[in-house]
2 protein chains.
Amino acid sequence: MARWEPDAGPRLVRAALDLIGEQGYAATTVAQIAERAGLTRTTFFRHFADKREVLFAGQEVLGRLLADGIAGAPADATPLAAVAAALDAATAVFTAEQREYGPRLHAVIAENGELAERAAFKRASLRAAIADALRARGVGDPGAGLAAGLGVDAFYRAFERWCDLPAGPTYPELAREELAALRAAAAALG
Amino acid sequence: MARWEPDAGPRLVRAALDLIGEQGYAATTVAQIAERAGLTRTTFFRHFADKREVLFAGQEVLGRLLADGIAGAPADATPLAAVAAALDAATAVFTAEQREYGPRLHAVIAENGELAERAAFKRASLRAAIADALRARGVGDPGAGLAAGLGVDAFYRAFERWCDLPAGPTYPELAREELAALRAAAAALG
DNA sequence: GTCTATACAGTGATAGAC
DNA sequence: GTCTATCACTGTATAGAC
């Protein structure tokens, strides 16, 4: 048996996606995932807090990217302009692999309760991260939470379109488009 | 004469709140909750899908109340007016007991990951229920989701204020106030 | 229709071996 | 620092009792 292989985390993610694609999420055990990655169950839990987390590893850094994008926007930028800058920064890191796995992941999450809960929590966490960063710029309530909500909505709506149209606009372009549409809808409400 | 005591569900909820208040959520087992309620573990799972759900039993009917409130609004009501009507209907059912347990529940949920996830999912479900009801009225996207988001935000922001100020305005009044504030903030964005 | 008894797979934690 | 072993608990399934 070969010595210690690097990239245990990514290998576990790949093994999980393969097995879950074959058997479904509920029927796949952590022991099976670890075995296919050439590791043990204990090692899996050293890399991921729980079984669900292996499917959300990609979203780990998004909160920081978005918050940094807000903080790094020009001092005179409006809240929504800062959100747009954050979306630029966050969407830029997405790879073709993530675009390919996106729909499959979405299907798995949709048909499993615990995964849907984790997804809802991640989404709420992203919104909170953006809202906090906006408040740090002096944006008041409830405007900060509202602008953050528009940003997160634009992010996810654009992701779906990006996955659906591989030959279309870039992810940053779609995110800006969706944010503009949401802004227009918000203005039309009142 | 009944062979068993009635109201098993509420008794389980009460036992759970007591025990969790004493020991914390993680340290409280389903067996303990059932025992204190004079029931068995099996019976607990007949009334609640899982351990977390015993703390969210109150939110069960909210989705339907909100959706029915949307559907029952005057045909010529704007989306936000329909949302306001739904908030009226949903907030009217809240009792003094829920106001009293609100902050305690909030504290328990905040310090426990799985409960925070369940709460995020419930919130997202309420938003989806409102958005679907708005779309059934012919409201388009992304306006329906946006208005639904404002409604849910108003609902939760008003609940916090309602719990904080026992002698203040009624819950429906606070909800309308918050919705108006969010509407103004939305208008100010664009 | 509501409750109980029992057995089971799997998660997630922990303590210790090497 | 990775593994083995073990453990309490959750959540499911199936049986039957009142």
Side-chain angles (χ1 to χ4, degrees), chain A residues 1-57 60 108-109 111-119 121, chain B residues 1-20 22-57 60 108-109 111-119 121-122:
Chain A
M1 184 74 88
R3 66 197 183 287
W4 174 74
E5 303 274 345
D7 296 327
R11 261 162 53 218
L12 285 165
V13 170
R14 215 170 300 257
L17 289 172
D18 286 351
L19 278 165
I20 290 168
E22 299 165 11
Q23 310 174 340
Y25 175 79
T28 302
T29 70
V30 172
Q32 289 173 330
I33 297 170
E35 188 190 13
R36 179 162 298 196
L39 298 164
T40 64
R41 212 182 76 99
T42 309
T43 305
F44 177 96
F45 283 112
R46 278 186 29 81
H47 286 270
F48 302 100
D50 54 44
K51 180 184 169 187
R52 300 173 274 302
E53 200 61 19
V54 74
L55 293 176
F56 294 92
E60 203 81 337
V108 171
I109 290 171
E111 69 189 12
N112 183 277
E114 28 182 341
L115 293 178
E117 289 191 9
R118 177 62 52 88
F121 183 72
Chain B
M1 179 77 94
R3 288 187 301 270
W4 60 83
E5 302 286 335
D7 296 328
R11 259 162 54 218
L12 285 165
V13 170
R14 216 170 297 260
L17 289 172
D18 286 352
L19 279 165
I20 289 167
E22 299 166 10
Q23 309 173 340
Y25 175 80
T28 303
T29 69
V30 172
Q32 289 174 332
I33 297 169
E35 188 190 13
R36 179 162 297 196
L39 298 164
T40 64
R41 210 182 77 98
T42 309
T43 304
F44 178 95
F45 283 111
R46 280 185 33 80
H47 285 267
F48 303 101
D50 54 44
K51 180 183 167 187
R52 299 173 274 302
E53 201 61 19
V54 74
L55 293 176
F56 293 92
E60 203 84 333
V108 171
I109 291 170
E111 69 189 10
N112 183 278
E114 30 182 341
L115 293 178
E117 289 190 10
R118 177 63 51 89
F121 183 73
K122 294 281 185 188

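Order of the sequence lines sets the chain letters (A, B, ...), proteins ahead of strands, with each chain counted from 1.
- The shortest distance between side-chain heavy atoms of Leu55(B) and Leu17(B) falls below 4.5 Å.
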Base, backbone or nothing for each nucleotide of nucleotides 7-12 of chain C, written B, S, -, heavy atoms under 4.0 angstrom, 5' to 3'?
-> ---SBB
With 3.5 Å as the limit, what N/O pairs link the protein to nucleotides 14-18 of chain C?
none

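- Heavy atoms from other residues, nucleotides or ligands lying under 6.0 Å from CZ of Arg14(B) number 12 at most.
- Considering only side-chain N and O atoms, Thr43(B) lies nowhere under 4.0 angstrom from the phosphate OP1 or OP2 of dC3(C).
- Leu39(A) comes within contact range of no nucleotide atom at all, as no heavy-atom separation falls under 4.0 Å.
- Using a 4.5 Å cut-off on side-chain heavy atoms (C-beta onward), Tyr25(A) and Ile109(A) make no contact.
- Listed by first then second residue, pairs satisfying ring pair (Phe, Tyr, Trp, His ring centres under 6.0 Å) with a partner in residues 32-52 of chain B read Phe44(B)-Phe48(B), not counting sequence neighbours.
- Under the salt bridge (charged side-chain N to carboxylate O under 4.0 Å, His left out) criterion, Glu53(A) pairs with Arg118(A), Lys122(A), sequence neighbours left out.
- One atom, CD of Glu53(B), and another, C1' of dT10(D), lie 15 Å apart when rounded to the nearest Å.
- When the C1' atom of dT2(D) is taken as reference, atom CZ of Phe44(A) falls 16 Å away, rounded to whole Å.
- Between atom CD of residue Glu117(B) and atom CZ of residue Arg52(B) there is a gap of 8.5 Å, rounded to the nearest 0.5 Å.
- Thr42(A) pairs by the side chain to side chain contact (heavy atoms under 4.5 Å, CB included) definition with Thr40(A), not counting sequence neighbours.
- Among the protein residues, His47(A) comes within range of no part of the nucleic acid, since none of its heavy atoms lies under 4.0 Å from any strand.
- For the salt bridge (charged side-chain N to carboxylate O under 4.0 Å, His left out) test, no residue two or more places apart in sequence or in another chain qualifies with Arg41(A).
- Backbone-only contact: Arg46(A) has heavy atoms under 4.0 Å from sugar-phosphate atoms and none from a base.
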